[in-house]
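Please read the structure below before turning to the comments.
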Amino acid sequence: MRASNILGIETSCDETGVAVYEPGHGVRAQALYSQVELHAPFGGVVPELASRDHIARLTPMVRRVVAEAGLQLADLDAVAYTAGPGLVGALMVGGALAGGLAYGLGIPAIPVHHMEAHLLAVMLEEERPHFPFLALLVSGGHTQLVHVEAVGRYRTIGETLDDAAGEAFDKVARMLGLPYPGGPALASLAEAGDANAFDFPRPMKNRGLDFSFSGLKTAVRLAVGGDGRAPREGRLSDALRADVAASFQAAVVETLSTKCMRGLQAAGLERLVVAGGVGANRLLRERLRSLARAAGVRVYYPRPALCTDNGAMVAYTGWCRRAQAESEPRIIARPRWPLDELAPVS
Ligand code: KG4
Ligand code: ZN
């Protein structure tokens, strides 16, 4: 395959992401459409609405991004798309367009693992790590520590036993009456709060590399004095809500950062990559930066826009996985897909 112009399509959840990546040049153009407003009245992602909206947005976005890259569809050399994990209907939309384009243009379609794309997004930055490194993958559905030997050589050495970190942010945000998606809203409410106001638990902090966030979530629920289902806005003072947000965020950040440092030590690694939506959290980034400095470890982050879902990371991962391109287009959509099952890229 020629080394140029890979279209990346991301539709695994509630963001439509499209980008054109050119090896050696970088991201030539990209666009992102967030469905936040569509799902906000429901307090979370409604899968059927997500699929329908991807259908409406995706084709015009592809046209626009390809034009912005100064290209025509015929100039594309491959189409990479998120094939999982994610919402199956949403994945099917991206897979169908990628397969159709590949078929029509006579170019390969490359199925991409969404978490691998998060993990490799940092490679789009100027400051990029050498292998091997430890990756903290923290998104809405995943919380994992992964020993990364090379592209495709992944070993999960720690993961959550219950909720993902992003999921915990979203649920606690809901208890505090914050709009979906909760993570960024909770983080900004926390700015005004006292992180020491509540002594929330740090489950499993002192042992092992696995995570657990459900006990913390329950502790917050008890603190706000309800069943946690109904938004509590209006029933708690603003100051108290900010204190809960700050104390919760501090507990999550402390747990995540402690496990990262332990994981680095256990694996004998000196580089840490933080990826996925929660990686955009400012306190987490600061905390890891200072712990890493003290331990002589280098920490690498994608910029916040590359931490959350986007098409660029899919296009780049497609390039890394070009050897696995499908020559006969078929649509792959895998709602569940463990990262460790990926084949190494030689
Ligand atoms: O990686 P991502 O965009 O999508 C998934 O693959 O899940 O991650 C979304 C998650 C959500 O749970 C969102 O609340 C959380 O990342 N998130 C944050 C922040 N920005 C996004 N959590 C904490 N602080 C943030 N600044
Ligand atoms: Zn994601």
Side-chain angles (χ1 to χ4, degrees), residues 8-17 19 32-36 39-40 43-45 47 50 54 81-87 90-91 94 112-122 135-144 146 160 163-176 178-191 193 195 211 213 216-217 245-246 248-257 273-288 301-314 316-317 334-337 339:
I9 295 178
E10 158 61 39
T11 62
S12 67
C13 191
D14 60 346
E15 257 133 7
T16 317
L32 185 75
Y33 180 82
S34 166
Q35 301 177 352
V36 161
H39 301 292
V45 180
H54 285 308
Y81 67 98
T82 301
L87 302 171
L91 293 168
V112 165
H113 189 293
H114 183 77
M115 298 313 293
E116 179 175 49
H118 272 304
L119 197 157
L120 296 177
V122 72
L136 172 69
L137 291 180
V138 269
S139 70
H142 294 79
T143 298
Q144 284 171 275
V146 184
T160 183
D163 290 355
E167 194 179 352
F169 264 96
D170 293 340
K171 287 179 178 168
V172 167
R174 200 171 148 82
M175 293 179 207
L176 294 173
L178 295 168
Y180 155 86
L186 191 145
S188 73
L189 179 63
E191 302 273 332
F211 306 86
F213 293 107
L216 169 59
K217 198 181 60 191
F248 164 79
Q249 178 178 246
V252 175
V253 166
E254 192 181 322
T255 307
L256 291 175
S257 49
V273 167
V274 182
V278 183
N281 184 274
R282 202 175 55 77
L283 186 70
L284 178 66
R285 293 167 86 97
E286 282 173 12
R287 183 82 188 120
L288 280 172
Y301 304 99
R303 71 197 72 176
L306 287 175
C307 281
T308 45
D309 291 349
N310 65 86
M313 67 182 190
V314 177
Y316 176 78
T317 306
R334 294 184 63 176
R336 289 184 192 285
W337 189 2
L339 191 64

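The structure displayed is predicted, hence computed values, not measured ones. Order of listing sets the numbers, starting from 1, for every ligand and every atom in it.
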Check: Identify the closest protein heavy atom to atom 22 (N) of ligand 1: which residue and atom is it, and at what distance?
Finding: Gly183 CA, 3.5 Å

Next item on the list: Check each atom of ligand 1 against the heavy atoms of His118 and keep those under 4.0 Å away; list them by number with element.
Entry: 1 (O), 6 (O)

Checklist line | Polar contact flag for Gly277 and ligand 1 (N/O pairs, less than 3.5 Å) | finding: yes

Notebook entry, point to check: Of all the atoms in ligand 1, which lie at a distance below 4.0 Å from a heavy atom belonging to His114?
Noted result: 6 (O)

Next item on the list: Might you work through the side chain to side chain contact (heavy atoms under 4.5 Å, CB included) test for Leu256 and Asn281, ending with a clear yes or no?
Entry: CA-CA 12 Å; Leu256 291 175; Asn281 184 274; over 6 Å; no

Item checked: Atom indices of ligand 1, in the order listed, that fall short of 4.0 Å to a heavy atom of Gly141 -> 7 (O)

Checklist line | Closest protein heavy atom to atom 2 (P) of ligand 1, given as residue, atom name and distance to 0.1 Å | finding: Asp309 OD1, 3.5 Å

Notebook entry, point to check: Which heavy atom of the protein is the closest neighbour of atom 12 (O) of ligand 1, given with residue, atom name and distance?
Noted result: Asp170 OD2, 2.8 Å

Notebook entry, point to check: With a 4.0 Å cut-off on heavy atoms, is Gln249 touching ligand 1?
Noted result: no

Next item on the list: Look at atom 10 (C) of ligand 1 and say which protein heavy atom is nearest, naming residue and atom and giving the distance to 0.1 Å.
Entry: Gly140 N, 3.5 Å

Item checked: Stepwise side chain to side chain contact (heavy atoms under 4.5 Å, CB included) check, His113 with Arg334 -> CA-CA 9 Å; His113 189 293; Arg334 294 184 63 176; over 6 Å; no

Note to self: Can you confirm, on distance only, whether ligand 1 has an N/O atom lying under 3.5 Å from any N/O atom belonging to Asn281?
What the structure shows: yes

Note to self: Under 3.5 Å between any N/O of Gly166 and any N/O of ligand 1: does that happen in this structure?
What the structure shows: yes

Check: Would you call Tyr81 and Leu91 a side-chain contact if the rule is heavy atoms closer than 4.5 Å?
Finding: no

Next item on the list: Using ring-ring contact (aromatic ring centres under 6.0 Å, His included) as the criterion, list what pairs up with Phe169, not counting sequence neighbours.
Entry: Phe248

Checklist line | Which atom of Leu32 lies closest to which atom of Asp309, heavy atoms considered | finding: CD1-O, 3.3 Å

Checklist line | Close side-chain approach of Phe213 to Val172, heavy-atom, < 4.5 Å | finding: no

Check: Should you measure from each heavy atom of Thr308, which atoms of ligand 1 turn up under 4.0 Å away?
Finding: 3 (O)

Check: Parallel, tilted or perpendicular for Tyr180 and His39, by the 30°/60° rule?
Finding: perpendicular

Check: Taking everything shown except Arg287 itself, do over 12 heavy atoms lie less than 6.0 Å from its CZ?
Finding: no

Item checked: Atoms of the protein (N/O/S only) found under 2.8 Å from the Zn ion (ligand 2) -> His114 NE2, His118 NE2, Asp309 OD1

Note to self: How close do Gly94 and Thr11 get, counting heavy atoms only, and between which atoms?
What the structure shows: N-OG1, 3.3 Å

Margin query: Check contact between Cys13 and ligand 1, using heavy atoms of the residue and a distance below 4.0 angstrom.
Written below: no

Notebook entry, point to check: Taking atom CD of Glu254 and atom CD of Gln249, what is their separation to the nearest 0.5 Å?
Noted result: 12.5 Å

Margin query: Could you tell me if the side chain of Leu339 sits less than 4.5 Å from the side chain of Leu137, heavy atoms only?
Written below: yes

Checklist line | Closest approach of Val252 to Ala165 (non-hydrogen atoms, all atoms of both residues) | finding: CG1-CB, 4.4 Å

